[in-house]
K.L.:
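This structure is in C-alpha coordinates; I'll ask about it shortly.
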Amino acid sequence: MNALAEPLQAAAISRGKWIRILVVIGRLFLAGVFLFAAYAKMKPQVATPWSLNSVETSLSMFAMQVDSYQMLKPAQVLTIAHLLPPFELFLGLWLLGGIAPRHSTIVALLVLTGFFALMIRTYALGLSINCGCFGTSEQVGPRKILEDGSFFAFSLAVTIGTFWVHRAKARRPFPLKRSARSAVSPPSH
Amino acid sequence: MNSPNHFSRGALRIRRLFRKRNTIALGGMALAVLLLLTIAAVPNAVASSSTAAKATETLPAPVKTYGSKNAPITLEVFGDYECPSCGAFYETTLRQMINDYVAAGKVYIVHRDFPLSMHKYGYEAARWANAAASIGKFSEAEAALYDNQNNWAESGNIEKYMAAALSPADMKRIDKLMTGCDVNTQPGSHTCPWDAYIEQDRALGNQVPVQATPTFIIYHKGQKFPAGQGVVSYTVLKQFFDQLLKQ
(Lines give C-alpha, C1' and ligand atoms only; values in the text may rest on other atoms or scores of the structure.)
Protein backbone atom coordinates (compact mmCIF):
# COMPACT_ATOMS: atom_id res chain seq x y z
CA MET A 1 0.00 0.00 0.00
CA ASN A 2 2.80 2.31 0.91
CA ALA A 3 4.55 1.45 -2.32
CA LEU A 4 1.48 2.71 -4.23
CA ALA A 5 0.75 5.75 -2.12
CA GLU A 6 4.25 7.18 -2.28
CA PRO A 7 4.41 7.69 -6.07
CA LEU A 8 0.87 9.09 -6.05
CA GLN A 9 1.82 11.54 -3.33
CA ALA A 10 4.95 12.49 -5.24
CA ALA A 11 2.91 13.03 -8.41
CA ALA A 12 0.45 15.22 -6.50
CA ILE A 13 3.30 17.27 -5.08
CA SER A 14 4.89 17.79 -8.46
CA ARG A 15 1.48 18.71 -9.98
CA GLY A 16 0.92 21.22 -7.22
CA LYS A 17 4.37 22.64 -7.80
CA TRP A 18 3.62 23.12 -11.51
CA ILE A 19 0.30 24.79 -10.80
CA ARG A 20 2.06 27.14 -8.38
CA ILE A 21 4.64 28.02 -11.04
CA LEU A 22 1.93 28.58 -13.68
CA VAL A 23 -0.07 30.79 -11.33
CA VAL A 24 2.98 32.94 -10.63
CA ILE A 25 3.73 33.23 -14.39
CA GLY A 26 0.09 34.12 -15.01
CA ARG A 27 0.14 36.78 -12.32
CA LEU A 28 3.33 38.26 -13.73
CA PHE A 29 1.76 38.34 -17.20
CA LEU A 30 -1.27 40.17 -15.82
CA ALA A 31 1.08 42.60 -14.10
CA GLY A 32 2.78 43.18 -17.46
CA VAL A 33 -0.55 43.87 -19.15
CA PHE A 34 -1.53 46.48 -16.57
CA LEU A 35 1.89 48.10 -16.49
CA PHE A 36 1.97 48.35 -20.29
CA ALA A 37 -1.58 49.75 -20.38
CA ALA A 38 -0.62 52.42 -17.83
CA TYR A 39 2.59 53.26 -19.69
CA ALA A 40 0.79 53.53 -23.05
CA LYS A 41 -1.71 56.00 -21.61
CA MET A 42 0.77 58.14 -19.70
CA LYS A 43 3.72 58.24 -22.11
CA PRO A 44 4.20 61.47 -24.09
CA GLN A 45 1.95 61.28 -27.15
CA VAL A 46 4.29 63.32 -29.30
CA ALA A 47 8.07 63.65 -29.37
CA THR A 48 8.43 65.41 -26.02
CA PRO A 49 10.44 64.36 -22.98
CA TRP A 50 8.79 62.81 -19.92
CA SER A 51 7.51 65.48 -17.55
CA LEU A 52 4.47 66.14 -15.41
CA ASN A 53 3.16 68.36 -18.18
CA SER A 54 3.58 65.68 -20.85
CA VAL A 55 1.82 63.10 -18.64
CA GLU A 56 -1.00 65.59 -18.02
CA THR A 57 -1.31 66.14 -21.79
CA SER A 58 -1.43 62.39 -22.40
CA LEU A 59 -4.11 61.93 -19.75
CA SER A 60 -6.15 64.75 -21.32
CA MET A 61 -5.80 62.97 -24.64
CA PHE A 62 -6.95 59.74 -22.99
CA ALA A 63 -9.95 61.65 -21.61
CA MET A 64 -11.12 62.20 -25.19
CA GLN A 65 -11.07 58.45 -25.76
CA VAL A 66 -13.01 57.82 -22.54
CA ASP A 67 -15.51 60.49 -23.58
CA SER A 68 -16.09 58.87 -26.96
CA TYR A 69 -17.70 55.89 -25.15
CA GLN A 70 -20.59 58.30 -24.43
CA MET A 71 -21.24 56.81 -21.04
CA LEU A 72 -20.19 59.45 -18.54
CA LYS A 73 -20.62 63.16 -17.97
CA PRO A 74 -17.61 65.35 -18.93
CA ALA A 75 -16.61 65.89 -15.28
CA GLN A 76 -16.71 62.14 -14.62
CA VAL A 77 -14.78 61.51 -17.84
CA LEU A 78 -11.98 63.79 -16.71
CA THR A 79 -11.85 62.15 -13.26
CA ILE A 80 -11.79 58.60 -14.67
CA ALA A 81 -9.21 59.50 -17.32
CA HIS A 82 -6.89 60.95 -14.69
CA LEU A 83 -7.37 58.12 -12.18
CA LEU A 84 -7.46 54.99 -14.33
CA PRO A 85 -3.88 54.98 -15.69
CA PRO A 86 -2.27 55.59 -12.25
CA PHE A 87 -4.54 52.88 -10.84
CA GLU A 88 -3.42 50.49 -13.60
CA LEU A 89 0.17 51.31 -12.69
CA PHE A 90 -0.53 50.58 -9.03
CA LEU A 91 -2.34 47.32 -9.85
CA GLY A 92 0.49 46.22 -12.13
CA LEU A 93 3.04 46.83 -9.37
CA TRP A 94 0.80 45.09 -6.82
CA LEU A 95 0.50 41.99 -9.01
CA LEU A 96 4.21 42.08 -9.69
CA GLY A 97 5.05 42.36 -6.00
CA GLY A 98 2.98 39.31 -5.06
CA ILE A 99 1.64 40.90 -1.89
CA ALA A 100 -1.80 39.51 -0.95
CA PRO A 101 -2.07 37.78 -4.34
CA ARG A 102 -5.67 36.66 -3.85
CA HIS A 103 -6.78 40.26 -3.44
CA SER A 104 -4.70 41.63 -6.29
CA THR A 105 -5.94 38.98 -8.75
CA ILE A 106 -9.55 39.56 -7.66
CA VAL A 107 -9.14 43.30 -8.29
CA ALA A 108 -7.53 42.59 -11.69
CA LEU A 109 -10.40 40.24 -12.55
CA LEU A 110 -12.98 42.88 -11.62
CA VAL A 111 -11.23 45.52 -13.73
CA LEU A 112 -10.91 43.21 -16.74
CA THR A 113 -14.57 42.15 -16.38
CA GLY A 114 -15.51 45.82 -16.52
CA PHE A 115 -13.41 46.37 -19.66
CA PHE A 116 -14.86 43.30 -21.32
CA ALA A 117 -18.42 44.39 -20.56
CA LEU A 118 -17.62 47.89 -21.84
CA MET A 119 -16.36 46.50 -25.16
CA ILE A 120 -19.53 44.43 -25.61
CA ARG A 121 -21.73 47.44 -24.78
CA THR A 122 -19.85 49.69 -27.20
CA TYR A 123 -20.05 47.16 -30.01
CA ALA A 124 -23.74 46.51 -29.33
CA LEU A 125 -24.44 50.26 -29.54
CA GLY A 126 -22.63 50.39 -32.88
CA LEU A 127 -20.16 53.07 -31.77
CA SER A 128 -17.16 53.30 -34.10
CA ILE A 129 -14.52 54.49 -31.69
CA ASN A 130 -10.96 53.82 -30.61
CA CYS A 131 -10.63 51.51 -27.65
CA GLY A 132 -7.96 53.58 -25.91
CA CYS A 133 -6.87 50.41 -24.10
CA PHE A 134 -3.18 50.47 -24.98
CA GLY A 135 -2.92 54.00 -26.29
CA THR A 136 -2.94 52.97 -29.95
CA SER A 137 -5.69 53.39 -32.54
CA GLU A 138 -7.41 50.06 -31.96
CA GLN A 139 -11.00 50.18 -33.04
CA VAL A 140 -13.66 48.52 -30.92
CA GLY A 141 -14.91 45.48 -32.82
CA PRO A 142 -15.06 41.70 -32.71
CA ARG A 143 -11.26 41.44 -32.55
CA LYS A 144 -11.08 43.76 -29.55
CA ILE A 145 -13.93 41.90 -27.85
CA LEU A 146 -12.07 38.62 -28.39
CA GLU A 147 -8.87 40.16 -26.99
CA ASP A 148 -10.61 41.53 -23.89
CA GLY A 149 -12.53 38.26 -23.51
CA SER A 150 -9.23 36.37 -23.53
CA PHE A 151 -7.78 38.69 -20.89
CA PHE A 152 -10.90 38.18 -18.78
CA ALA A 153 -10.71 34.35 -19.12
CA PHE A 154 -6.99 34.40 -18.37
CA SER A 155 -7.49 36.59 -15.33
CA LEU A 156 -10.26 34.28 -14.11
CA ALA A 157 -7.95 31.28 -14.46
CA VAL A 158 -5.14 33.06 -12.57
CA THR A 159 -7.55 34.07 -9.79
CA ILE A 160 -8.87 30.50 -9.43
CA GLY A 161 -5.28 29.22 -9.47
CA THR A 162 -4.22 31.71 -6.80
CA PHE A 163 -7.07 30.61 -4.54
CA TRP A 164 -6.22 26.93 -5.19
CA VAL A 165 -2.59 27.52 -4.25
CA HIS A 166 -3.66 29.31 -1.08
CA ARG A 167 -5.96 26.43 -0.09
CA ALA A 168 -3.31 23.85 -0.85
CA LYS A 169 -0.84 25.74 1.36
CA ALA A 170 -3.39 25.97 4.15
CA ARG A 171 -4.12 22.22 3.99
CA ARG A 172 -0.46 21.21 4.08
CA PRO A 173 0.73 20.24 7.58
CA PHE A 174 3.02 22.67 9.28
CA PRO A 175 6.53 22.00 7.90
CA LEU A 176 8.86 20.43 10.40
CA LYS A 177 12.19 21.93 11.13
CA ARG A 178 15.19 20.12 9.68
CA SER A 179 16.36 19.02 13.12
CA ALA A 180 12.94 17.62 14.01
CA ARG A 181 12.71 15.88 10.60
CA SER A 182 16.02 14.13 11.08
CA ALA A 183 14.91 13.01 14.53
CA VAL A 184 11.69 11.46 13.19
CA SER A 185 13.07 9.69 10.14
CA PRO A 186 15.91 7.24 10.57
CA PRO A 187 19.05 7.85 8.54
CA SER A 188 18.94 6.15 5.15
CA HIS A 189 22.42 4.71 5.40
CA MET B 1 29.81 11.23 -91.49
CA ASN B 2 26.35 11.63 -90.05
CA SER B 3 25.11 8.57 -88.38
CA PRO B 4 21.27 8.11 -88.17
CA ASN B 5 21.60 8.56 -84.46
CA HIS B 6 23.46 11.83 -84.92
CA PHE B 7 20.85 12.98 -87.46
CA SER B 8 17.93 12.34 -85.17
CA ARG B 9 19.73 14.19 -82.37
CA GLY B 10 20.08 17.20 -84.67
CA ALA B 11 16.41 17.07 -85.57
CA LEU B 12 15.53 17.00 -81.92
CA ARG B 13 17.67 20.06 -81.32
CA ILE B 14 15.96 21.92 -84.18
CA ARG B 15 12.56 20.92 -82.85
CA ARG B 16 13.49 22.16 -79.36
CA LEU B 17 14.70 25.40 -80.87
CA PHE B 18 11.41 25.78 -82.70
CA ARG B 19 9.53 25.09 -79.54
CA LYS B 20 11.64 27.67 -77.77
CA ARG B 21 11.06 30.12 -80.58
CA ASN B 22 7.34 29.45 -80.43
CA THR B 23 7.35 30.20 -76.73
CA ILE B 24 9.35 33.36 -77.30
CA ALA B 25 7.02 34.38 -80.11
CA LEU B 26 3.93 33.73 -78.02
CA GLY B 27 5.43 35.66 -75.12
CA GLY B 28 6.32 38.50 -77.44
CA MET B 29 2.80 38.61 -78.81
CA ALA B 30 1.29 38.66 -75.35
CA LEU B 31 3.61 41.49 -74.39
CA ALA B 32 2.72 43.42 -77.51
CA VAL B 33 -1.00 43.02 -76.81
CA LEU B 34 -0.46 44.17 -73.24
CA LEU B 35 1.53 47.15 -74.43
CA LEU B 36 -1.16 48.06 -76.95
CA LEU B 37 -3.85 47.80 -74.30
CA THR B 38 -1.84 50.02 -71.96
CA ILE B 39 -1.26 52.57 -74.70
CA ALA B 40 -4.96 52.51 -75.53
CA ALA B 41 -5.91 53.02 -71.89
CA VAL B 42 -3.43 55.78 -71.08
CA PRO B 43 -4.81 58.52 -73.36
CA ASN B 44 -8.29 57.98 -71.84
CA ALA B 45 -6.95 58.26 -68.32
CA VAL B 46 -4.85 61.29 -69.23
CA ALA B 47 -7.80 62.84 -71.03
CA SER B 48 -10.22 62.28 -68.16
CA SER B 49 -7.76 63.49 -65.53
CA SER B 50 -6.97 66.54 -67.63
CA THR B 51 -10.71 67.24 -67.99
CA ALA B 52 -11.08 67.06 -64.22
CA ALA B 53 -7.99 69.22 -63.77
CA LYS B 54 -9.40 71.75 -66.23
CA ALA B 55 -12.69 71.76 -64.38
CA THR B 56 -11.00 72.35 -61.03
CA GLU B 57 -8.68 74.93 -62.54
CA THR B 58 -11.50 77.10 -63.81
CA LEU B 59 -13.49 76.98 -60.55
CA PRO B 60 -12.37 78.62 -57.32
CA ALA B 61 -11.04 76.06 -54.84
CA PRO B 62 -13.37 75.38 -51.91
CA VAL B 63 -12.16 76.72 -48.59
CA LYS B 64 -13.48 74.41 -45.90
CA THR B 65 -11.78 75.94 -42.90
CA TYR B 66 -12.54 78.08 -39.86
CA GLY B 67 -10.18 80.61 -38.34
CA SER B 68 -6.64 81.64 -38.94
CA LYS B 69 -3.94 79.35 -40.28
CA ASN B 70 -1.56 80.88 -37.73
CA ALA B 71 -3.55 79.62 -34.74
CA PRO B 72 -1.40 77.49 -32.37
CA ILE B 73 -3.73 74.50 -32.64
CA THR B 74 -5.08 72.93 -35.83
CA LEU B 75 -8.01 70.54 -35.70
CA GLU B 76 -8.47 68.48 -38.85
CA VAL B 77 -11.86 66.75 -38.97
CA PHE B 78 -12.74 63.98 -41.41
CA GLY B 79 -16.49 63.80 -41.62
CA ASP B 80 -19.52 62.63 -43.54
CA TYR B 81 -22.51 64.99 -43.57
CA GLU B 82 -24.94 62.09 -43.30
CA CYS B 83 -23.21 60.40 -40.37
CA PRO B 84 -25.17 60.98 -37.12
CA SER B 85 -22.01 61.02 -34.98
CA CYS B 86 -20.54 63.75 -37.20
CA GLY B 87 -23.75 65.71 -36.73
CA ALA B 88 -23.57 65.27 -32.97
CA PHE B 89 -19.87 66.24 -32.93
CA TYR B 90 -20.63 69.39 -34.91
CA GLU B 91 -23.68 70.41 -32.90
CA THR B 92 -22.32 69.72 -29.42
CA THR B 93 -18.63 70.47 -29.80
CA LEU B 94 -17.46 72.09 -33.03
CA ARG B 95 -20.06 74.85 -33.10
CA GLN B 96 -19.04 75.99 -29.62
CA MET B 97 -15.37 75.57 -30.50
CA ILE B 98 -15.85 77.81 -33.55
CA ASN B 99 -17.57 80.46 -31.44
CA ASP B 100 -14.95 80.42 -28.66
CA TYR B 101 -11.53 79.10 -29.60
CA VAL B 102 -11.61 79.77 -33.34
CA ALA B 103 -12.95 83.28 -32.81
CA ALA B 104 -10.18 83.91 -30.27
CA GLY B 105 -7.55 82.81 -32.79
CA LYS B 106 -6.51 79.78 -30.74
CA VAL B 107 -7.77 77.04 -33.04
CA TYR B 108 -7.87 76.56 -36.78
CA ILE B 109 -10.40 73.97 -37.98
CA VAL B 110 -10.00 72.17 -41.30
CA HIS B 111 -12.88 70.13 -42.65
CA ARG B 112 -12.12 67.10 -44.81
CA ASP B 113 -14.78 65.21 -46.71
CA PHE B 114 -14.93 61.52 -46.05
CA PRO B 115 -18.37 60.43 -47.31
CA LEU B 116 -19.07 56.81 -46.49
CA SER B 117 -20.58 54.54 -49.13
CA MET B 118 -23.21 53.33 -46.64
CA HIS B 119 -24.84 56.78 -46.72
CA LYS B 120 -27.04 57.43 -49.74
CA TYR B 121 -26.78 61.22 -49.87
CA GLY B 122 -23.50 61.84 -48.02
CA TYR B 123 -21.50 62.32 -51.21
CA GLU B 124 -24.09 64.67 -52.72
CA ALA B 125 -24.10 66.71 -49.50
CA ALA B 126 -20.31 66.98 -49.70
CA ARG B 127 -20.66 68.31 -53.29
CA TRP B 128 -23.07 71.00 -52.07
CA ALA B 129 -20.73 71.93 -49.24
CA ASN B 130 -17.78 72.18 -51.64
CA ALA B 131 -19.74 74.31 -54.08
CA ALA B 132 -20.78 76.62 -51.24
CA ALA B 133 -17.20 76.69 -49.92
CA SER B 134 -15.95 77.85 -53.30
CA ILE B 135 -17.97 81.05 -52.92
CA GLY B 136 -17.02 81.49 -49.26
CA LYS B 137 -20.22 80.12 -47.79
CA PHE B 138 -18.89 76.96 -46.17
CA SER B 139 -19.89 77.72 -42.60
CA GLU B 140 -23.50 78.43 -43.66
CA ALA B 141 -23.62 75.28 -45.77
CA GLU B 142 -22.14 73.05 -43.07
CA ALA B 143 -24.55 74.41 -40.46
CA ALA B 144 -27.51 73.90 -42.82
CA LEU B 145 -26.45 70.34 -43.60
CA TYR B 146 -25.93 69.28 -39.99
CA ASP B 147 -28.96 71.17 -38.63
CA ASN B 148 -31.26 69.42 -41.09
CA GLN B 149 -29.41 66.12 -41.36
CA ASN B 150 -32.40 63.94 -40.47
CA ASN B 151 -34.63 65.66 -43.00
CA TRP B 152 -32.48 65.55 -46.12
CA ALA B 153 -31.03 62.15 -45.21
CA GLU B 154 -34.57 60.84 -45.57
CA SER B 155 -35.82 62.79 -48.58
CA GLY B 156 -32.54 63.47 -50.38
CA ASN B 157 -33.64 67.06 -50.96
CA ILE B 158 -30.45 68.86 -49.94
CA GLU B 159 -31.09 71.87 -52.15
CA LYS B 160 -34.16 72.85 -50.12
CA TYR B 161 -32.16 73.26 -46.92
CA MET B 162 -29.27 74.97 -48.66
CA ALA B 163 -31.67 77.46 -50.21
CA ALA B 164 -33.14 78.20 -46.79
CA ALA B 165 -29.70 78.97 -45.37
CA LEU B 166 -28.28 81.03 -48.25
CA SER B 167 -29.37 84.19 -50.04
CA PRO B 168 -31.13 83.77 -53.43
CA ALA B 169 -28.11 85.31 -55.19
CA ASP B 170 -25.70 82.89 -53.53
CA MET B 171 -28.02 80.00 -54.23
CA LYS B 172 -28.15 80.96 -57.90
CA ARG B 173 -24.36 80.89 -58.06
CA ILE B 174 -24.18 77.55 -56.26
CA ASP B 175 -26.85 76.05 -58.52
CA LYS B 176 -24.68 76.98 -61.48
CA LEU B 177 -21.62 75.46 -59.81
CA MET B 178 -23.54 72.26 -59.20
CA THR B 179 -24.07 71.64 -62.92
CA GLY B 180 -23.17 68.04 -63.64
CA CYS B 181 -23.50 67.06 -60.00
CA ASP B 182 -26.54 64.91 -59.47
CA VAL B 183 -27.51 62.35 -56.84
CA ASN B 184 -27.34 59.77 -59.60
CA THR B 185 -23.86 60.90 -60.68
CA GLN B 186 -21.35 58.29 -59.60
CA PRO B 187 -18.98 59.44 -56.82
CA GLY B 188 -15.61 60.45 -58.21
CA SER B 189 -17.09 61.24 -61.61
CA HIS B 190 -15.55 63.76 -63.96
CA THR B 191 -18.79 65.54 -64.71
CA CYS B 192 -19.01 67.05 -61.24
CA PRO B 193 -16.04 69.36 -60.57
CA TRP B 194 -16.28 68.94 -56.76
CA ASP B 195 -15.65 65.22 -56.88
CA ALA B 196 -11.95 65.85 -57.45
CA TYR B 197 -11.75 67.80 -54.16
CA ILE B 198 -13.78 65.18 -52.30
CA GLU B 199 -11.54 62.42 -53.63
CA GLN B 200 -8.50 64.44 -52.62
CA ASP B 201 -9.81 64.61 -49.03
CA ARG B 202 -10.70 60.94 -49.11
CA ALA B 203 -7.17 60.05 -50.20
CA LEU B 204 -5.82 62.06 -47.25
CA GLY B 205 -8.24 60.21 -44.99
CA ASN B 206 -7.08 56.85 -46.26
CA GLN B 207 -3.53 57.80 -45.34
CA VAL B 208 -4.53 58.41 -41.67
CA PRO B 209 -6.26 55.81 -41.95
CA VAL B 210 -9.82 56.94 -41.24
CA GLN B 211 -11.77 53.88 -40.07
CA ALA B 212 -14.93 55.68 -39.03
CA THR B 213 -16.33 59.19 -38.95
CA PRO B 214 -15.80 61.59 -37.34
CA THR B 215 -12.05 61.14 -37.11
CA PHE B 216 -10.02 64.12 -36.00
CA ILE B 217 -6.34 64.92 -35.84
CA ILE B 218 -4.86 67.62 -33.63
CA TYR B 219 -1.68 69.48 -34.52
CA HIS B 220 0.20 71.66 -32.07
CA LYS B 221 3.56 73.37 -32.59
CA GLY B 222 4.23 71.25 -35.65
CA GLN B 223 3.49 68.04 -33.82
CA LYS B 224 0.76 65.65 -34.82
CA PHE B 225 -1.20 63.83 -32.13
CA PRO B 226 -2.68 60.36 -32.71
CA ALA B 227 -6.04 60.45 -34.48
CA GLY B 228 -9.14 60.56 -32.31
CA GLN B 229 -12.45 59.05 -33.24
CA GLY B 230 -16.08 59.52 -32.28
CA VAL B 231 -17.98 62.23 -30.49
CA VAL B 232 -16.00 64.16 -27.90
CA SER B 233 -17.77 66.70 -25.73
CA TYR B 234 -16.79 70.36 -25.77
CA THR B 235 -15.65 70.34 -22.12
CA VAL B 236 -13.22 67.47 -22.66
CA LEU B 237 -11.83 68.83 -25.94
CA LYS B 238 -11.51 72.28 -24.38
CA GLN B 239 -9.58 70.82 -21.43
CA PHE B 240 -7.14 69.19 -23.87
CA PHE B 241 -6.71 72.40 -25.86
CA ASP B 242 -6.15 74.40 -22.65
CA GLN B 243 -3.48 71.89 -21.67
CA LEU B 244 -1.78 72.35 -25.05
CA LEU B 245 -2.03 76.13 -24.91
CA LYS B 246 -0.35 76.10 -21.47
CA GLN B 247 2.79 74.60 -23.02
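Atoms considered below: every heavy atom in the structure, side chains included; atoms not considered: hydrogens, waters and symmetry mates. Keep in mind the model is a prediction, meaning the values are calculated, not measured.
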K.L.:
Between Tyr81(B) and His111(B), do the side chains contain an N or O donor and an N or O acceptor separated by less than 3.5 Å?
P.N.:
yes
K.L.:
Using a strict 4.0 Å threshold on nitrogen-to-oxygen distance, state whether Glu147(A) and Arg143(A) make a salt bridge.
P.N.:
no
K.L.:
Using the benzene-type ring in the case of Trp, are the ring centres of Phe154(A) and Phe29(A) under 6.0 Å apart?
P.N.:
yes
K.L.:
Should the pair Lys106(B) and Tyr101(B) be classed as cation-pi, given the thresholds of under 6.0 Å to the six-membered ring centre and 45° from the axis?
P.N.:
yes
K.L.:
Who wins among Gly230(B), Ser233(B), Ala212(B) for the most heavy-atom pairs under 4.5 Å with chain A?
P.N.:
Ser233(B)
K.L.:
Among Gln239(B), Lys224(B), His220(B), single out the residue with the greatest number of heavy-atom pairs under 4.5 Å to chain A.
P.N.:
Gln239(B)
K.L.:
So what's closer than 4.5 Å to chain B heavy atoms on Leu127(A): side chain, backbone, both or neither?
P.N.:
neither
K.L.:
Does the side chain of Tyr219(B) pick up a donor-acceptor pair with the side chain of Glu76(B) at under 3.5 Å?
P.N.:
yes
K.L.:
If I measure from the heavy atoms of chain A, does Phe216(B) come under 4.5 Å with its side chain, its backbone, both, or neither?
P.N.:
side chain
K.L.:
Side chains of Tyr66(B) and Glu142(B): is there a donor and an acceptor less than 3.5 Å apart?
P.N.:
yes
K.L.:
Taking 4.5 Å as the heavy-atom cut-off, does anything in residues 41-63 of chain A contact chain B, and if so which residues?
P.N.:
Gln45(A), Val46(A), Ala47(A), Thr48(A), Asn53(A), Glu56(A), Thr57(A), Ser60(A), Met61(A), Ala63(A)
K.L.:
Might you confirm whether atom CD of Gln139(A) has over 12 heavy atoms from other residues, nucleotides or ligands at distances under 6.0 Å?
P.N.:
yes
K.L.:
Cut-off 3.5 Å, side chains only: do Asp100(B) and Tyr234(B) have a donor facing an acceptor?
P.N.:
yes
